[in-house]
Every structure is written in C-alpha cells, then in structure tokens.
Amino acid sequence: MLYVSTRAGQAAATQTPQQFSDILLGGLAPDGGLYLPSEYPQVSGAELDAWRKLSYADLAFEILRKFATDIPEADLKKLCKKTYTADVYRNARKGEKAAEITPLRVLEKDGDKTLILQALSNGPTLAFKDMAMQLLGNLFEYTLAKNKAELNIFGATSGDTGSAAEYAMRGKKGIRVFMLSPHKKMSAFQSAQMFSLQDPNIFNVAVEGVFDDCQDMVKAVSNDLPFKAAQKIGTVNSINWARVVAQVVYYFRGYLAATADNTQKVSFTVPSGNFGNICAGHIARMMGLPIDRLVAATNENDVLDEFFRTGVYRVRKSSETYHTSSPSMDISKASNFERFVYDLVGRDGERVRALFHKVETEGGFDLSGKPGSDGDEFKLVSEYGFVSGKSTHKDRLDTIRDVADDYDITIDTHTADGIKVARQYMAPGVPMIVLETALAAKFNETILDALGVDAERPAGFENIESLPQKFIVMPADVAKMKTYIAANTGL
Ligand SMILES: *Cc1c(COP(=O)(O)O)cnc(C)c1O
C-alpha cells in the first residue's frame, strides 16, 4: 500500500509514493497536501462475515494490515492487542461491556426506526481521541525503537487533543511530549487530567495567554527548521494519517454489531470539527462497508454544514469563530476536509491544489456549479452519502434533557449535537448510529445547566482535581520555550 499527496498532480509525478511507516511520524506532505492511500483496499462480503466474530483488537488488525503493509503482521497484531484492551478502555457505563471497546446502546426502537449510541469515549481521557491516539503511542514507540530514533512531540491544546496525546505517550521510550495550554483557561477537570501526570517524559507548559498565543508559539518554533531538526520535533495533530485509519475500525465495528447480515445498511451521525472522525467513516464506506448516510453534525461553527447544504466551503476568521459549549468542535476550518475533496473531484491533485490555494488567498471555494463557481462537483456529494445539520447551545441543553428523560443516560455536549442532528435523518429500516465522542463528566458545567445535577464520573476520577500537579507557567516567549525544550531533551 502506497500513499500519495492530495496535491500531487501530473507535474508532481516525480514525488515518490510513501509507505505507511514513512508518513507515520510526519504531518503534511512536502507539497502541503495530505496523504491518502493510492487506492482504497476493498472488503468482501466473505471478509465482513468472518469479521463479525472478531474481538475489537483482531478486527483492528485485519483492517490495519490492509493499510500498514510495511509493518510485519505479527508485530502489528501485537500492537493492536496491546492497545485495544478492556483495561485501557475501562470507563464503560453501567450495563456496557468494557471488553467490547466501543459498546453499542440502543436508545430507541420505534417500529423500524432505530437510534443507537456507539461509545467511543471509554478510554483514559474520556473522549474519542483515545481510540486512535492510544494506538499511535504504541506505533510510535515501536517504530522509534526499530530505527533507534527519538521524537519530541510539541503541540498546543485547549483540551481534548493534548490530554489524549499525553495519556498515549506517557512512559513511552524515545518519546517526550511538550504540551502548551493557556494558563487558567481550561476547565478544572481538563487541567487536572493533564497536570496530574507525573511521568518524566511529559512536560506541561501553561502559557500566560490564550490558546492562539500557544498555537503561535508552536508555529514559531516549527518554522525554525534547524531547531526543529536538531530537537527532533514532531506533532500529532488531526491530519496524521495513522489517526484517521485507526478510526476506520470503529465504523466497521459499529456496523457489524448493529446488523445481522451484510444486506443491511446503517447510517452514522458524527459530531464534527476538523473532519477527522467522519473522514474515517468516508474511508470505511469507500472500502465497501454498507453505510447509507454519513451525517456531519456541527455546532454554531457550521463550516461543514454550510458546504454540505450549499457546495460552498468558506473558512471563518477568528472573529467569526464562536466559543461554544461543545468546544472541541469550535473550528474555523476543517483540516481533514481536503481528503474528501480529493475523492470528490475525482482524485485530481491539480484541482485540489488550486482549490486549497484559493482557500489560502480568498478564504474558500464554491463547487455549487452556479455561474462563476469553481466547479459543479457538489452534485456528486449525495453519492458519497454525506448530509449535515447544525445545533445551537439551546439545542444541546434540550437534547441533554430529552435524552436523560427518555433513555435515562447523561450525554455530553458534543454527542448532544450529534443526537439533535441524527433525529432529522432517521430512516425506516436503516439503524442510525450516533458516535459518542466524549463522556459528560468532561463538560460538567453544561450538564449542571441542563440537568441541575453533576454528571457521573467514572471510577478513579472522583478526586482528580485534588491530585498533585506537575506543570510550569511561562510567558508567551518563543526564546524561553526553545531554551526549555533544549534543556529537557539534552539534544
Ligand atoms: C475532537 C472532537 C470532536 C471533533 O472531531 P473531528 O475529528 O475534529 O471532526 C468532537 N467531539 C469531541 C469530544 C472531540 O474531542
């Protein structure tokens, strides 16, 4: 299996296709595009039948071996078995089996309309990012050891991604994590989750500023190429291909658990921000998984909903990006969207390059086919199953209340965006699976507003705010940051 850049056109034919391990530790392709397999591996009906009986870890292995063809299969199997255990994904609700890793829960069966929740948030940080990040931690450790290399992950977080990365990389040989977060701007729960890690390879830096200041520091350091090379600096952001492919697994799992045979179809609703999660659903569908619809649910930051309604992709300025009660979906542009656009325009890298050049220069593009637009591919979107909807703060509160009343469980704000939009697209005979992307305990402030009681915390999280914390406070000063990194890597 070889990987190509979404921007590699005829002129770039000299660009060498890459193996899975070559792109594992990197981010963007050198031409600024994102990596995708040169073609999607196909899954047969016989394979799907055989996969129904597999454990999550074995299913992950069967899917990943189609993409990570340069990792010896015995090693890959070991990595999957080490990652997807009931112990790692231990935070299942009462009545859910942790060993299923992403257990399904039927919320409603009304005639032939079925609404199902698939729990993806039972990992160490209570959000779906653990599904991929835990595997990434093990893949990184394995690859670095093989190449006798080391890696210093440097990033900025306003919440979920940073903590998922730290819990995936803690204690791993050859890896250090330097994670910036805005000082006193995260919730008490979120900072406690990160700062209570005492592992010597985890470095939490609370920056005196806002999230944008943290991100600017990461950019400034990453733009200093000699420093970046000398300090072996890398990232684990959402465009990382291995993260996307690890997420493909739970679409197969959800489908297989919700159906009895392969003549059936299901739809998925996905609370979306950077389009990483739902991009994995698109890939599963392209591999032949019988998915009817892929429903992108956004909050007030509706970049994606606008595209799937109108064919216009318009990124937002920071002044137009809202801070909402589903903060992990507060995005101004959807960084993985380019992967879908590549397929939509017939895998034409030159077109993709031109369209995303327009995003940089003019803030967007228009595929509606209207006079003066950049193309008419919007008419093909429905063939890919995509539809969308959006939700507001009030919708979230109402949905959290309804779900508590009707089904007796508490859902988080992002999942509430999903359920709200899923209800618009329920179809007879096609179960609708909503991906649960976080547990309510992470966003307790809004749960209190909606229900008047605290969200239940999984065992082990009761006193997280009172655990000893390890972090340093630093002004938004790039030179200081570099000194701190170099002092701690010893490179
Ligand atoms: C990251 C995140 C999302 C958005 O996922 P994307 O892959 O960026 O679309 C949704 N919900 C939660 C809780 C998240 O942490």
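Note that ligands are numbered from 1 as they come in the structure, with each ligand's atoms numbered from 1 the same way. Residues take their numbers from the sequence shown, with the count starting at 1.
In summary, the atoms of ligand 1 found under 4.0 Å from a heavy atom of G273, numbered by their order in the structure, are 4 (C), 6 (P), 8 (O), 9 (O). Counting the atoms of ligand 1 from 1 in the order shown, those under 4.0 Å from a heavy atom of P271 are 4 (C), 10 (C). Each of the atoms 9 (O) of ligand 1 lies under 4.0 Å from some heavy atom of S272. Proximity to A438 (heavy-atom distance under 4.0 Å) selects the following atoms of ligand 1: 13 (C). Near F275, with a cut-off below 4.0 Å to any heavy atom, the atoms of ligand 1 are 6 (P), 8 (O), 9 (O). Within ligand 1, the atoms closer than 4.0 Å to a non-hydrogen atom of N274 are 6 (P), 8 (O), 9 (O), numbered from 1 in the order shown. Per-residue contacts place G276 under 4.0 angstrom from the following atoms of ligand 1 (heavy atoms of the residue considered): 6 (P), 7 (O), 9 (O). Within the listing of ligand 1, atoms 1 (C), 2 (C), 3 (C), 14 (C), 15 (O) sit less than 4.0 angstrom from a heavy atom of K129.
For the 3.5 Å distance criterion, the side chains of S238 and N336 qualify, holding a donor opposite an acceptor. A side-chain donor-acceptor contact under 3.5 Å links D160 and S328.
Look at R93 and E456 and you find no salt bridge, because none of the NZ, NE, NH1 or NH2 atoms lies under 4.0 Å from a carboxylate O. A salt bridge is absent between R105 and E436; no separation between the charged side-chain nitrogens and carboxylate oxygens falls under 4.0 Å.
Surrounding NZ of K172 are more than 12 heavy atoms belonging to other residues, nucleotides or ligands, all under 6.0 Å away. Annotation for E96: atom CD counts as buried by contact number, over 12 foreign heavy atoms lying within 6.0 Å. Atom CG of N223 is surrounded by more than 12 heavy atoms from other residues, nucleotides or ligands within 6.0 Å.
Because its NZ or CZ atom is both nearer than 6.0 Å to the ring centre of Y40 and within 45° of the ring axis, R347 counts as a cation-pi partner of that residue. Judged by a 6.0 Å distance limit and a 45° cone about the ring axis, K470 is positioned over the six-membered ring of F203.
At a heavy-atom cutoff of 4.0 Å, ligand 1 is contacted by the side chain of D160 but not by its backbone. Using a 4.0 Å cut-off between heavy atoms, K442 makes no contact with ligand 1 at all.
Residue T437 holds the heavy atom nearest to atom 12 (C) of ligand 1 of all those in D130, N299, T437, T413. In the candidate list F337, F128, F443, F128 is nearest to atom 3 (C) of ligand 1, counting heavy atoms.
Inclusion of H414 in the set of residues having an N or O under 3.5 Å from an N or O of ligand 1 is not warranted.
Among F378, Y425, F340, the single residue meeting the ring pair (Phe, Tyr, Trp, His ring centres under 6.0 Å) criterion with F386 is F340.
Looking from atom 7 (O) of ligand 1 to the surrounding protein, the closest heavy atom is N277 N, 2.9 Å.
Using a 4.0 Å cutoff on heavy atoms, S238 does not count as a contact of ligand 1.
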